[in-house]
K.L.:
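This is the structure, below, for whatever I ask next.
When a ligand or atom number is given, it counts from 1 through the structure's own listing order. Bear in mind that the values here come from a model prediction, so they are computed numbers and not experimental data. Only heavy atoms go into these numbers, but all of them, side chains included; no hydrogens, no water, no symmetry mates.
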Amino acid sequence: MKIYKNYDLSKLNTFGVSANAKFFVEIENEVDLKELFDAPEFLNSQKLFLGGGSNVLFTKDFDGIVVLNKLKGIKILKEDSETVTIRSMGGEMWHDLVTFVVGRGLWGIENLSLIPGTVGAAPMQNIGAYGVELKDVLENVEAFDIGTGEKKIFNRKECEFGYRDSVFKGKFKGKYFITAITLILSKIPKPNLSYKILSEFLEKPARNASHSDAGGNKIEIKSSKDISDAISAIRKSKLPDPKKLGNAGSFFKNVFVEPAEFKKLQKLFPEIPYFEEENEKNGSKASVLIKIPAGWLIEQCGWKGKRLGNVGVHEKQALVLVNYGGARGEEVMALANKIIADVKEKFDLELTPEVNLIR
Ligand code: EPU
């Protein structure tokens with residue numbers, strides 16, 4: 001295990017901003033992990049666990065140790081007539097896991113295709129897209145307690161998943177290093193077409209040049225791979241490829257308001273898009289909240305496609321901030337703060353960042 005000093009992180013974050021870590025280490029097995037956290041020189045230093053670096057923004061140099069998860073391996077644990085239980089190590093790329101299971105005809109995470117980042121980072125923010133969230137299929141999370149050196153297994157309930165949220169991002173932030181996750185997937189077809197953009201795409205694969213039937217023929221879903229391919233095509237058409245244009249996916253969270261507050265907003269802005277969502281946080285009785293797409297709010301403030309120096313708002317999805325090259329984290333933050341202020345002024349709503357801001 002080699003510990004690097006003053007390590008350049010610009011290639012380890014998909015925003016592509018430059019920042020240095022005081023110390024940097026790659027973890028390839030769990031023995032290294034124990035050794036690292038037993039080392040007295042790191043006991044009191046700040047720690048940051050990094051996977052694909054696809055959901056972080058470094059706003060300055062990191063004055064601590066950055067630990068990159070490189071734990072590899074995907075294994076089928078057990079199988080019955082209806083389900084397959086799969087364990088993946090945290091350093092695998094999330095989409096490689098999707099490819100692995102979709103290739104075996106399993107259902108459950110095909111809607112989460114092409115999400116950048118690693119498996120270990122997925123539970124942190126309960127990754128979600130196109131009507132599916134990680135929590136829908138997750139059995140448990142294995143994590144290393146950096147305080148005690150013990151291994152702990154969190155069942156789904158103990159992860160306290162919410163919208164883009166979990167205990168690993170909240171009360172246990174920085175306390176656990178996620179080593180592996182276990183998922184229960186279905187052998188029985190369970191297509192989730194609840195997301196309108198997906199069902200419309202399958203009905204009419206418009207703008208999809210690779211389909212000769214782009215005139216409006218239906219794509220018949222025969223396998224989870226058919227959905228995975230559709231999701232990949234949708235994502236590619238809307239979301240910038242971080243290899244070509246620095247970004248960290250959605251920069252902000254969507255906004256949730258109480259139905260009464262939403263009614264007032266709707267009077268002022270009758271065309272405001274919204275989705276009703278069940279709110280089951282803290283195990284208490286489910287209530288309905290209204291989700292307002294932050295992308296729409298930002299677009300209404302005139303920001304979509306705008307550029308300020310090295311940074312900008314993506315032209316096809318206003319929720320995504322981009323680095324045109326050479327941006328520092330502070331520049332991205334300055335743009336984000338202008339957007340937050342404008343949305344506050346126009347709608348009296350607070351946007352909160354979805355990316356992990358490293359300050
Ligand atoms: N919209 C606009 N203008 C825009 C973008 C969106 O008006 O520029 C409105 C439209 O009404 C659209 C609605 O927002 O119908 C929803 O847009 P979209 O389907 O693109 O989804 P989103 O709510 O903006 C969320 C996730 C994405 C995920 C998609 C698809 C968050 C913060 N983001 O975006 O996740 O891929 O749904 O399920 O919840 C990510 O987390 O990095 C990410 C990309």
K.L.:
Can a cation-pi geometry be assigned to K34 and F37, taking NZ or CZ under 6.0 Å from the six-membered ring centre and within 45° of the ring axis?
P.N.:
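So K34 doesn't make the cation-pi contact.
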
K.L.:
Go through the steps for T83 and D80 under the test side-chain hydrogen bond (donor to acceptor under 3.5 Å, both in side chains), then give the verdict.
P.N.:
CA-CA 5 Å; T83 65; D80 60 27; 3.0 Å; yes

K.L.:
Could you work out, for atom 37 (O) of ligand 1, the closest of F252, Y195, Y274 by heavy-atom distance?
P.N.:
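When every heavy atom of F252, Y195, Y274 is considered, Y195 comes closest to atom 37 (O) of ligand 1.
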
K.L.:
Looking only at non-hydrogen atoms, which of S250, P353, P293 approaches atom 13 (C) of ligand 1 most closely?
P.N.:
P293

K.L.:
Ignoring angles and geometry beyond distance, decide whether L239 reaches within less than 3.5 Å of ligand 1 through its nitrogen or oxygen atoms.
P.N.:
no

K.L.:
Just to check, does R235 reach to within less than 4.0 Å of ligand 1 when the distance is taken from its heavy atoms?
P.N.:
yes

K.L.:
Report, in ascending order of atom number, the atoms of ligand 1 lying under 4.0 Å from any heavy atom of G249.
P.N.:
42 (O)

K.L.:
What do you think, any protein heavy atom under 4.0 angstrom from atom 9 (C) of ligand 1?
P.N.:
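Yes, there is a protein heavy atom closer to it than 4.0 Å.
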
K.L.:
Atoms of ligand 1 less than 4.0 Å from A129 heavy atoms?
P.N.:
36 (O), 38 (O)

K.L.:
Which of the numbered atoms in ligand 1 are under 4.0 angstrom from any heavy atom belonging to Y163?
P.N.:
31 (C), 32 (C), 39 (O)

K.L.:
Are S228 and S113 linked by a side-chain donor-acceptor pair shorter than 3.5 Å?
P.N.:
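There is such a pair (donor and acceptor under 3.5 Å, judged by atom type) between the side chains of S228 and S113.
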
K.L.:
Is the distance between the ring centroids of F177 and F144 under 6.0 Å?
P.N.:
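Aromatic pair excluded; centres sit 6.0 Å or further apart.
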
K.L.:
Is the distance from the ring center of F168 to that of F172 below 6.0 Å?
P.N.:
no

K.L.:
To check your reading of the model: name the closest protein heavy atom to atom 1 (N) of ligand 1, its residue, and the distance in Å.
P.N.:
W296 N, 3.7 Å

K.L.:
Can you list the atoms of ligand 1 that are under 4.0 Å from a heavy atom of I197?
P.N.:
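In order of numbering, the contacting atoms are 19 (O).
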
K.L.:
Is atom 3 (N) of ligand 1 less than 4.0 angstrom from at least one protein heavy atom?
P.N.:
yes

K.L.:
What distance do N44 atom CG and K47 atom NZ have between them, rounded to the nearest 0.5 Å?
P.N.:
7.0 Å

K.L.:
Under 4.0 Å, heavy-atom basis, I'd like to know which part of P273 is in contact with ligand 1: side chain, backbone, both or neither.
P.N.:
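Looking at P273 and ligand 1, just side chain atoms fall under 4.0 Å.
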
K.L.:
Do any nitrogen or oxygen atoms of K304 come within less than 3.5 Å of a nitrogen or oxygen of ligand 1?
P.N.:
yes

K.L.:
Which residue and atom name correspond to the protein heavy atom nearest atom 5 (C) of ligand 1, and how close is it?
P.N.:
Q317 OE1, 2.9 Å

K.L.:
Answer whether the closest heavy-atom distance between the side chains of L289 and V257 falls below 4.5 Å.
P.N.:
no

K.L.:
Any idea which protein heavy atom is nearest atom 23 (O) of ligand 1, and the distance to it?
P.N.:
N254 ND2, 2.8 Å

K.L.:
From atom 34 (O) of ligand 1, work out which of N55, L319, V355 has a heavy atom at the shortest distance.
P.N.:
L319

K.L.:
Would Y130 count as a polar contact of ligand 1, with the cut-off being nitrogen or oxygen pairs under 3.5 Å?
P.N.:
yes

K.L.:
Hey, would you say the W296 and Y274 ring centroids sit under 6.0 Å apart?
P.N.:
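For W296 and Y274, the ring centres are not under 6.0 Å apart.
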
K.L.:
For the residue pair K291 and F275, would you count it as a cation-pi contact if the rule is NZ or CZ under 6.0 angstrom from the ring centre and within 45 degrees of the ring axis?
P.N.:
yes

K.L.:
F154 ring centre to R156 NZ or CZ under 6.0 Å, with the angle to the axis within 45°?
P.N.:
no

K.L.:
Let me confirm one number: the CG-CD1 distance from L202 to I197, rounded to the nearest 0.5 Å.
P.N.:
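So the gap between those two atoms works out to 12.0 Å.
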
K.L.:
Does only the side chain of E354 get under 4.0 Å from ligand 1, or the backbone, or both, or neither? Count heavy atoms.
P.N.:
side chain

K.L.:
Heavy atoms only, cut-off 4.0 Å: how does I127 contact ligand 1, side chain, backbone, both, or neither?
P.N.:
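Under 4.0 Å from ligand 1, I127 contributes no heavy atoms.
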
K.L.:
Under 4.0 Å from a heavy atom of R164: which atoms of ligand 1 are those, numbered in the order shown and with their elements?
P.N.:
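Numbered from 1, ligand 1 contributes 26 (C), 27 (C), 31 (C), 33 (N), 35 (O), 39 (O), 40 (C), 41 (O), 43 (C).
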
K.L.:
Supply the atom-to-atom distance I3 CD1 to F23 CZ, rounded to the nearest 0.5 angstrom.
P.N.:
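Nearest 0.5 Å value for the CD1-CZ distance: 8.0 Å.
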
K.L.:
Short list, please: which atoms of ligand 1 are under 4.0 Å from a heavy atom of E299?
P.N.:
2 (C), 3 (N), 4 (C), 7 (O), 8 (O)

K.L.:
Test of understanding: given a 4.0 Å heavy-atom threshold, classify the contact between K238 and ligand 1 as side chain, backbone, both, or neither.
P.N.:
side chain

K.L.:
How about Y163 and F256: are their ring centroids closer than 6.0 Å?
P.N.:
yes

